[in-house]
**Q** 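One structure, as structure tokens, below. Some questions next.
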Amino acid sequence: MEKVFHLGLTRHDLQGATLAIVPGDPDRSARISTFLDNPKCLAQTREFHVYSGQLNGHTVIVCSTGIGGPSTSIAVEELAQLGIDTFLRIGTTGAIQPHINEGDILISQASVRLDGASQHFAPLSFPAVSDFFATQALVNACTNLGIDFHIGITASSDTFYPGQERYDTYSGYVPKSLQGSCEEWQKLGVMNYEMESATLFTMCAALGLRAACVAGVLVNRTKQEIPNVDHGKIEKQSVAVVLEAASLLLN
Ligand SMILES: O=P(O)(O)O[C@H]1O[C@H](CO)[C@@H](O)[C@H]1O
Ligand SMILES: O=c1cc[nH]c(=O)[nH]1
């Protein structure tokens, strides 16, 4: 059986799994796996930390994507070759609407394509839209767990600094084309910034795969730039949501 290029795994290793939970952070992969029965580390290569485990008797994969579209596209392409057709991203994010609080849960219905990788899958006129049923599962998961959430549009950028209009303390430089972009997204009702959903949604929609995205808010950028929150607490809630959504989709 053929191994895929980066993950170095075969279909046999995934034991028939069809659903993957995809965080950005490799360490989050390991933490999520501890909530599965019989967790097993399948691979740790570059930013891709891959685990398998059982959720209500179904095999589930957890695979970190690293930061940004290019590595996300590799993880998704290779997991799809191994039999995965459903991708649930669990991330962290920065809110840009004043009514969204730190610690809130955001579900991305669709994303503004501020990335480059998605254009390798479909032209910019093609929407970065989540899968309706996978997103509905995230909504139902929040309802079942009694967790409040916001659902809406996410701006998904290749860069953390200029693409999210951050004026860093080194150069303070954001190119003209991105100056004022945050205010524009705010006016258009965009909830937040993160860095993978545009690639994930576009490529999955283009390739006939299902994708959804949930994120915990680390910072509200209308109030401050540097997070001052308990990351563990925020992660705990979003992990609970993604695991419940995975259970709903698998049953
Ligand atoms: O916490 P993760 O899943 O990595 O998500 C967010 O955090 C990273 C930036 O700090 C980007 O990957 C962004 O999308
Ligand atoms: O503001 C933020 C916070 C987390 N991740 C992002 O991409 N942006």
Side-chain angles (χ1 to χ4, degrees), residues 20-33 46-51 62-76 87-98 100-108 110-118 128 130 138 150 152-169 174 178 181-183 185-186 190-203 211-239 241-243:
I21 294 171
V22 286
D25 179 1
D27 289 344
R28 196 176 310 135
S29 259
R31 292 193 291 273
I32 295 169
S33 76
R46 297 181 185 248
E47 54 271 78
F48 310 116
H49 289 200
V50 191
Y51 293 81
V62 184
C63 174
S64 52
T65 60
I67 290 183
S71 60
T72 298
S73 77
I74 290 173
V76 171
F87 296 84
L88 300 180
R89 166 163 156 73
I90 171 191
T92 57
T93 191
I96 57 171
Q97 296 293 340
I100 297 177
N101 296 312
E102 288 166 356
D104 282 2
I105 292 289
L106 306 188
I107 297 174
S108 307
S111 295
V112 184
R113 293 174 59 185
L114 304 178
D115 67 324
S118 71
S130 67
L138 288 174
H150 306 268
I153 298 172
T154 291
S156 188
S157 160
D158 260 353
T159 52
F160 184 80
Y161 287 92
Q164 301 186 16
E165 207 185 346
R166 276 192 173 85
Y167 296 87
D168 72 43
T169 54
V174 169
L178 289 166
S181 57
C182 183
E183 190 185 349
W185 304 131
Q186 286 168 327
V190 169
M191 303 185 295
N192 63 313
Y193 280 115
E194 57 78 80
M195 300 177 66
E196 293 79 22
S197 64
T199 304
L200 179 70
F201 288 168
T202 305
M203 71 183 291
C213 173
V214 63
V217 176
L218 288 185
V219 67
N220 184 316
R221 294 197 42 215
T222 67
K223 301 186 174 112
Q224 65 195 77
E225 283 293 343
I226 303 296
N228 183 21
V229 286
D230 180 346
H231 285 231
K233 202 167 147 197
I234 286 165
E235 182 177 288
K236 202 169 163 198
Q237 217 175 28
S238 47
V239 168
V241 171
V242 86
L243 289 170

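Counting convention: from 1, in listed order, for ligands and their atoms alike.
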**Q** So among V242, I21, V22, V214, which one has a side-chain contact (heavy atoms from CB on, under 4.5 Å) with R89?
**A**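 Single side-chain contact (heavy atoms from CB on, under 4.5 Å) partner of R89 among V242, I21, V22, V214: V22.
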**Q** Using a 4.0 Å heavy-atom threshold (strictly under), name the region of E225 that reaches ligand 2: side chain, backbone, both or neither.
**A** neither
**Q** Output the list of atoms in ligand 2 that are nearer than 4.0 Å to some heavy atom of Y193, sorted by atom number.
**A**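 Listed by number with element, the hits are 6 (C), 7 (O), 8 (N).
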**Q** Please find the pair of heavy atoms, one from A211 and one from L200, that lie closest to each other, and give the distance.
**A** CB-CG, 3.8 Å
**Q** Do NZ/NE/NH1/NH2 and the carboxylate oxygens of E165 and R221 come within less than 4.0 Å?
**A**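 Answer for the salt bridge query: no.
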**Q** Give the minimum heavy-atom separation between N101 and K223, together with the two atoms involved.
**A** OD1-NZ, 4.4 Å
**Q** List the atom of T154, the atom of N192, and the distance in Å for their closest heavy-atom pair.
**A**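 Minimum heavy-atom separation between T154 and N192: OG1-OD1, 2.7 Å.
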**Q** Is the number of heavy atoms from other residues, nucleotides or ligands under 6.0 Å of E225 CD greater than 12?
**A**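 Counting other residues, nucleotides and ligands, CD of E225 exceeds 12 neighbours.
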**Q** Does an N or O from Q164, backbone or side chain, lie closer than 3.5 Å to an N or O of ligand 2?
**A**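 Q164 vs ligand 2: N/O contact under 3.5 Å present.
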**Q** Is it true that, when you exclude K233 itself, more than 12 heavy atoms of the residues, nucleotides or ligands shown sit nearer than 6.0 Å to its NZ?
**A** no
**Q** Quick one: side chains of residues 66-76, donor-acceptor pairs under 3.5 Å with protein atoms, not counting sequence neighbours, listed by atom name and distance.
**A**
{"unit_1": "S71", "atom_1": "OG", "unit_2": "T65", "atom_2": "O", "d": "2.6"}
{"unit_1": "T72", "atom_1": "OG1", "unit_2": "G68", "atom_2": "O", "d": "2.6"}
{"unit_1": "S73", "atom_1": "OG", "unit_2": "P70", "atom_2": "O", "d": "2.8"}

**Q** Closest non-hydrogen protein atom to atom 1 (O) of ligand 2, residue and atom name please, with distance?
**A**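 Closest protein heavy atom to atom 1 (O) of ligand 2: R166 NH2, 2.5 Å.
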**Q** Can you list, by chain and residue number, every protein residue with a non-hydrogen atom closer than 4.0 Å to ligand 1?
**A** G24, D25, R28, I67, R89, I90, G91, T92, F160, E194, M195, E196
**Q** Is there at least one pair of N or O atoms, one from R221 and one from ligand 2, spaced under 3.5 Å apart?
**A** no
**Q** Under the 3.5 angstrom rule, does the side chain of S29 hit a backbone N or O of S64 as a donor-acceptor pair?
**A**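 Present.
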**Q** Can you name the atoms of ligand 2, numbered from 1 with element, that are less than 4.0 Å from a heavy atom of M195?
**A**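 In order of number, 7 (O).
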